[in-house]
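Everything quoted here is computed from the prediction, not taken from an experiment. Residue numbers begin at 1 in each chain, while the letters A, B, ... track the order of the sequences.
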Amino acid sequence: MALVTTTEKLPVATRSGADQPRRGFRWRRALWVGGFLLPAVALIVVLLVVPFLVTAYRSLFDDNGVSSRFIGLANYVALFTDPDFGRSLLNTVFWVIGTLVLPVLLGLLIAVLTNSVRWGSVARTVVVIPYALSGSATALLWTFLLQSDGAINQTLASIGLGGLQQEWLLHWPLNTVVMILATTWQATGASMILFLVGLQTIPPETLEAAKLDGATGFRLFWSIIVPQLRPMTIVVVGMSIVNSLKTFDIVWLLTRGGPGTASETLALTMYRETFTLSRYGYGAAVSVVLTIVVLAASWLYLRRQATQR
Amino acid sequence: MQTSDTGHSVTRRTVLASALAGAVGLAAAGCARGTQTRPAPGDVVSLFNDNPTWAPGYAAAGKALHQLVGYRLSARASPDTSSYQQIVRMSAQTDSTTDLIKWWNGYRLQDIARSGILQDVSSAWNLAARNGWSNDKELRDSFSYQGKQYGVPLYKSYWAVFYNKPLFAKLKLDVPTDWDEFRRVVAALKAKRITPIASGGATTFESLTWFQQLVNGLDHQFYLDLTAGKASYTDPVCRQAMKLWIELFAAGAFSAPDFNTATVPAQFAQGKMAMHLYGSWNTGAYLSNGVKDANLGLFLLPPPPGGNNSVVVESGVLSVSKKAHKLGAARKVADAWLDPSVQRAWTDFLKDTSADPGVVPKVGAITELAATVRQQKPTQAIRYWEASPPVLIEGNVQDLSAFMINPTAANASRTLSSMQRRADKEWKVWRS
């Protein structure tokens, strides 16, 4: 405020004098903008940046939760030479691809197909209901279905298809695939809702114009609807990438990352090393790698999309 | 309009004031001293454990303790084992610790004892030996670090076979007394399309069950050497144990490897399951889930050919935190814990065996088991879970889980090699 008062008193005849009020205005504007940004930035710094730096610092120690000693980058060396870490990374990539292809694509298709049909709302409700369930309830349900003596195998046996019975959760990569399917069952509703919102923002005139030009069916979908849904697709795909990189709850509850470490994702490896094995330094190293992967993937994706727009 | 304006202004001020008050309140609460940072009130000694269902048992034991030393117990619990361990490790170094802490014996106890967060309670063991309550050298060793004891036994469970008495009677089967008889029992049950043995472990610690049983059953001394890092997982005894395990898999002895242990009592009650090798602490779960006392039996699994009478023993630990608010009171409780009056109150609730062989709860299966132990006097081996450094065990248990999915000779060999590789690495870390 003192700065503003001073500039108001300055003469405006010279060129440099003319710049003064403008600079003052800029300062005032910067202060206002800074003031509005401060709470959000402070929250991010306190709740995200500081914990990340503390975790990164902790990853340089051999720490059992009671005592610790500095070991430099040894945790990272151990991590990258650990075959279990490679499997965990591979599973995480499976999750990213699986949840990009299935829930996003299915969500888009269901949204488009049910948007303007008569009983569409019923179909949409059916798809959305699983999304309302908590992760643990979903896992409980799928455990009941997928266990070796679970509902799916019992049903197959009772209808004479015993030959198709599988130990669904016990063999890799089948266990990862069925868990991705279980997640698809739950997550499709969320992407469908977002795509529905996107569909409603498409101007009817655009669609009418396309129809007048003779575009129907797949042509209308591919050439008009999909490009118009682009902003929403960026959001849905971005969220899907980040969520799949963080996959934890359903794997933890269905297989605990096992058998062995066969179905572990990076988030599970981090949990096991930190809380089961009490290797806090090693667990911190995994979480640093996971954070870098998530940030890099999000940044690359959003940067690319923003440039294209 | 004016009213409306005033209303907005007041509302905004009220909101801002409330937000400020809330923030100050939260900050104050954050800085405040919680109940855990103060000593428990009056004659109460606080105890932290990982099993909320044991609260009535602690209350009953506390009543008996009150008559002896003037203190009763107030238990709080965190049911998730990982979180529980995490909380103990963190809080034991601060003034938020409870006076008493439940833990595990063997290397898990050594792991935290060497960090200096526990109080030496050797005097409690000396007192128990003097009074004839418990003088069990093997058990005492599993509570020791550098010759001192850092906890007293909360219970002493035996890993034995729970069996379904009505089912055995219906099929005219007797409790097996040697390995061949055991295999005949398995075959007879299998022939009647009854799952002979419940055996989960695909994704749980239970995969250690048959490995520890067969290795220790074949050669007790080898098991001790193996778990002490003096023998190799690729030695012939381990190979023989895996071979026997594979034979049992091939004979259809086991349930699916992702079997949920919590459902065993119900399957027993329905006559679908015949046996379950498990810790005797699970007796209460059977009795409270529809299995009648008279229908439940427990026997020690006979050793495999060439083996010896040996039993796997598991014991929970009651430790005193070095930073306990009521250190003196907590030590008195530890001293009195093995007093028969306390053990009777506690084991009547737990329905399991005590470290004091003279205290046996009035449960048919446990009485039967205690009598067998008295008669056979088997050597005792600490459970595999506590028998080596925790990181080594956790990794090896995961290897065994993976083996259970594909129990073949080639996979057994791979599994043992992997376990030995981990042992080489983790023993080096442990000893460093």
Side-chain angles (χ1 to χ4, degrees), chain A residues 39 62-69 71 74 78 81-84 87 139-140 143-150 153-154 165-172 174-175 179 251-264 268-283, chain B residues 80-93 108 111-118 195 198 200-205 207 255-260 263 267 272 389-406 411 414-415 418 421-422 425-426 429-430 432:
Chain A
D62 175 16
D63 182 353
N64 68 1
V66 183
S67 57
S68 67
R69 69 188 168 92
I71 52 166
T81 51
D82 183 356
D84 287 348
R87 169 68 66 88
L140 214 65
T143 306
F144 169 74
L145 290 172
L146 293 170
Q147 269 182 333
S148 298
D149 55 356
N153 280 347
Q154 285 184 22
Q165 285 183 334
Q166 296 284 335
E167 291 178 322
W168 304 100
L169 295 172
L170 300 184
H171 301 277
W172 186 87
L174 179 66
N175 49 11
M179 285 190 286
V251 183
W252 179 252
L253 291 163
L254 279 176
T255 66
R256 301 231 150 199
T261 52
S263 58
E264 266 188 10
L268 259 99
T269 307
M270 176 183 75
Y271 183 88
R272 179 171 58 84
E273 291 291 347
T274 311
F275 300 114
T276 310
L277 302 181
S278 299
R279 295 204 290 205
Y280 294 82
Y282 195 95
Chain B
D80 180 84
T81 309
S82 296
S83 314
Y84 173 74
Q85 293 187 46
Q86 162 99 329
I87 297 167
V88 169
R89 281 171 191 275
M90 297 298 171
S91 64
Q93 303 169 75
R108 286 176 192 261
D111 192 29
I112 61 165
R114 68 179 184 174
S115 307
I117 60 175
L118 299 181
T195 308
T203 56
T204 64
F205 81 98
S207 57
S255 61
D258 55 349
F259 182 81
N260 181 359
T263 64
Q267 304 240 21
K272 291 180 182 169
V391 179
L392 167 60
I393 295 295
E394 299 270 1
N396 281 359
V397 162
Q398 284 188 319
D399 278 355
L400 292 170
S401 293
F403 167 76
M404 286 179 72
I405 310 306
N406 181 21
N411 197 23
R414 273 197 300 275
T415 303
S418 165
R421 272 198 304 278
R422 189 173 294 104
K425 184 176 150 203
E426 297 302 340
V429 173
W430 178 264
S432 67

**OP:** Count the heavy-atom pairs under 4.5 Å between each of B:Ala256, B:Ser115, B:Ser401 and chain A, then report the option with the highest count.
**Re:**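 Between B:Ala256, B:Ser115, B:Ser401, the count favours B:Ser115.
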
**OP:** Under the side-chain hydrogen bond (donor to acceptor under 3.5 Å, both in side chains) rule, collect the residues that match up with B:Thr204, sequence neighbours excluded.
**Re:**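 B:Thr204: side-chain hydrogen bond (donor to acceptor under 3.5 Å, both in side chains) contacts with B:Glu206.
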
Subject >> Which residues share a side-chain hydrogen bond (donor to acceptor under 3.5 Å, both in side chains) with A:Arg256, sequence neighbours left out >> reply: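 Per chain and number, A:Arg256 pairs via side-chain hydrogen bond (donor to acceptor under 3.5 Å, both in side chains) with no residue.
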
Quick one: [atom1] on [X] to [atom2] on [Y], what's the gap to the nearest 0.5 Å?
X        : Y        : atom1 : atom2 : value
B:Asp258 : A:Asn175 : CG    : CG    : 11.0 Å
B:Arg114 : A:Asn64  : CZ    : CG    : 7.5 Å
B:Arg89  : A:Phe275 : CZ    : CZ    : 12.0 Å
B:Gln267 : A:Asp149 : CD    : CG    : 7.0 Å
A:Glu264 : B:Gln398 : CD    : CD    : 6.0 Å

Subject >> Which atoms of A:Glu167 approach chain B - backbone, side chain, both or neither, heavy atom under 4.5 Å >> reply: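 For A:Glu167, side-chain heavy atoms alone lie under 4.5 Å from chain B.
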
**OP:** Can you tell which part of A:Ser278 gets under 4.5 Å to a heavy atom of chain B, answering side chain, backbone, both or neither?
**Re:**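 Answer is side chain: those atoms of A:Ser278 sit under 4.5 Å from chain B.
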
Subject >> Region of B:Ile117 that comes under 4.5 Å of a non-hydrogen atom in chain A >> reply: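 Side chain only.
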
**OP:** Would you mind checking which part of B:Gln86 comes under 4.5 Å of any heavy atom in chain A, side chain (CB onward), backbone (N, CA, C, O), both or neither?
**Re:**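 Its backbone and side chain both get close to chain A.
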
Original post:
What heavy-atom pair brings B:Thr203 and A:Pro259 nearest, and what distance separates the two atoms?
Top reply: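 That would be CG2-N, 4.4 Å.
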
